[in-house]
Amino acid sequence: MKEKLQAIKEEALKSINEAVDLKVLNDIRVNILGKKGELTSVLRGMKDLTKEERPVIGQLANEVRNLIEEKLEDAKGSLAKKQREKQLKEEVIDVTMPAKKVVMGHRHPMNIVLDDIKDIFMGMGYEIAEGPEIEKDYYNFEALNIPENHPAKDEQDTFYINKEVVLRTQTSPVQIRVMENSKPPIRIIAPGRVYRSDEVDASHSPVFNQIEGLVIDKNITMADLKGALEVFVKELYGEKVRVKFRPHHFPFTEPSAEVDVSCVMCGGEGCRVCKGSGWIEILGCGMVHPKVLEMVGIDPKEYSGFAFGMGLERITMLRYGIKDIRLFYENDVRFLSQF
Ligand code: 2NL
């Protein structure tokens, strides 16, 4: 029995030493100290021993059990520690690794330019006004001094919903509504989508975007118009750009003018974009016609004002050197990602 205990002890210490993880260690414990364990069965055999042998073997068995339990406890501690260290090593996060890039879109080139234009006018105290794209014929034409059968109505031929309702051809109706509903001073810009029954080509689209502006106050003169638009053009295209006011005619303004800028492509030398002239037309403007003021209930003897209008597509094409208006609407990512 003594030899058996000795053998159990040696075998136990050896396997404890070689245990690779906590699970193996637990199996060893069960095999030796468990209910059906080797040492347990030896202790059960104690009852067959003589009175003299019993205390000697008993003491030895106790020593062997205590020793095995102690070694098991030690091994458990060091294996648990090893296991934790291994886990920590595996789960370590390298905060210096490059992050996964988030693929994000960006503003459409026309929105970039629109935001710039809004910023410039807001900086001069203008507010942004909006209104319906489906308009009464009255607001789109008549209130702007374009009577039935006026040739300008051909120029701006549009899509009719019925005899009295049209898709607006400019954002002026927004400004008419503002004048009807508020008192001067008025300083607004009205950006938005407009419609004309034009054939599609490199510079025309039946649906496009316009930005109009309106200022109404006492003693507003053509000098205010020139000053405001010169500041606008220089902020948009740079200080070096030259600005030219050329007489023109619109039914809703008198006097009227078109504004040319020195060609943003060639600087005025003459090129394909400016057709050799060195100048590019970018907007129309004028002093609001007294008849228009009368129709909205503003007294033209007390108040005067100026208005202007420009095409957003055209301004954007000039800014970036875009040659075909259709590129704006096709939503080809290869085009859009360039801005
Ligand atoms: C152009 C020219 C223009 C206006 C728009 C306007 C609006 C009101 C009263 C008077 Cl409510 N005028 N708008 C004036 C002059 C020119 O647009 O070439 N647009 C693309």
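Just so you know, ligand 1 is whichever comes first in the structure, and atom 1 is the first atom listed for that ligand. What you see below is based on every heavy atom in this structure, not just the backbone, and it leaves out hydrogens, waters and symmetry mates.
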Completion exercise
among protein heavy atoms, the one nearest atom 6 (C) of ligand 1 is A307 CB, 3.4 Å

Problem - Options L144, V292, V288, V178, ranked by nearest heavy atom to atom 8 (C) of ligand 1, top entry - result: L144

Exercise for the section: Scan side-chain atoms only and decide if Y195 and E135 contain a donor-acceptor pair under the 3.5 Å cut-off. Expected result: no

Exercise for the section: List the closest protein heavy-atom neighbour of atom 13 (N) of ligand 1: residue, atom name, distance to the nearest 0.1 Å. Expected result: E212 OE1, 2.9 Å

Practice task
Mind checking whether S256 contacts ligand 1 via backbone (N, CA, C, O), side chain (CB onward), both or neither, at a 4.0 Å heavy-atom cut-off?
Solution key: neither

Practice task
Could you walk me through whether E254 and K291 pass side chain to side chain contact (heavy atoms under 4.5 Å, CB included), step by step?
Solution key: CA-CA 10 Å; E254 178 60 33; K291 275 197 192 159; over 6 Å; no

Handout entry: Within 45° cone and under 6.0 Å: R168 NZ/CZ vs Y139 ring
Key = no

Practice task
Give me the ring orientation class for H248 and F250: parallel if the planes are under 30° apart, tilted from 30 to 60°, perpendicular past 60°.
Solution key: tilted

Fill in the blank from the handout: Closest to atom 16 (C) of ligand 1 by heavy-atom distance, out of G284, G213, G286, is G284

Practice task
Look at atom CD of E127 and say whether more than 12 heavy atoms of other residues, nucleotides or ligands are closer to it than 6.0 Å.
Solution key: no

Handout entry: T169 backbone acceptor or donor facing N140 side chain under 3.5 Å
Key = yes

Exercise for the section: Mark up the atoms of ligand 1 that fall under 4.0 Å of a heavy atom belonging to Q175, in ascending order. Expected result: 7 (C), 11 (Cl)

Practice task
List every atom of ligand 1 that sits less than 4.0 Å from any heavy atom of Q210, numbering the atoms from 1 in the order shown and giving each element.
Solution key: 19 (N), 20 (C)

Handout entry: Ligand-residue contact atoms, ligand 1 with I176, heavy atoms, under 4.0 Å
Key = 11 (Cl)

Fill in the blank from the handout: Looking only at protein heavy atoms, what sits closest to atom 1 (C) of ligand 1 is G309 O, 3.5 Å

Practice task
Without swapping roles, check the side chain of H106 against the backbone of L336 for a donor-acceptor pair under 3.5 Å.
Solution key: yes

Practice task
Under 4.0 Å, heavy atoms only, figure out whether ligand 1 is touched by the backbone of M179, its side chain, both or neither.
Solution key: side chain

Handout entry: For atom 4 (C) of ligand 1, the protein heavy atom that lies nearest, with its residue and separation
Key = F252 CE1, 3.5 Å

Problem - Intermediate values then yes/no, ring-ring contact (aromatic ring centres under 6.0 Å, His included), F232 and Y126 - result: CA-CA 12 Å; F232 163 65; Y126 290 61; 9.6 Å; no

Practice task
Check if H289 has a non-hydrogen atom at a distance under 4.0 Å from any atom of ligand 1.
Solution key: no

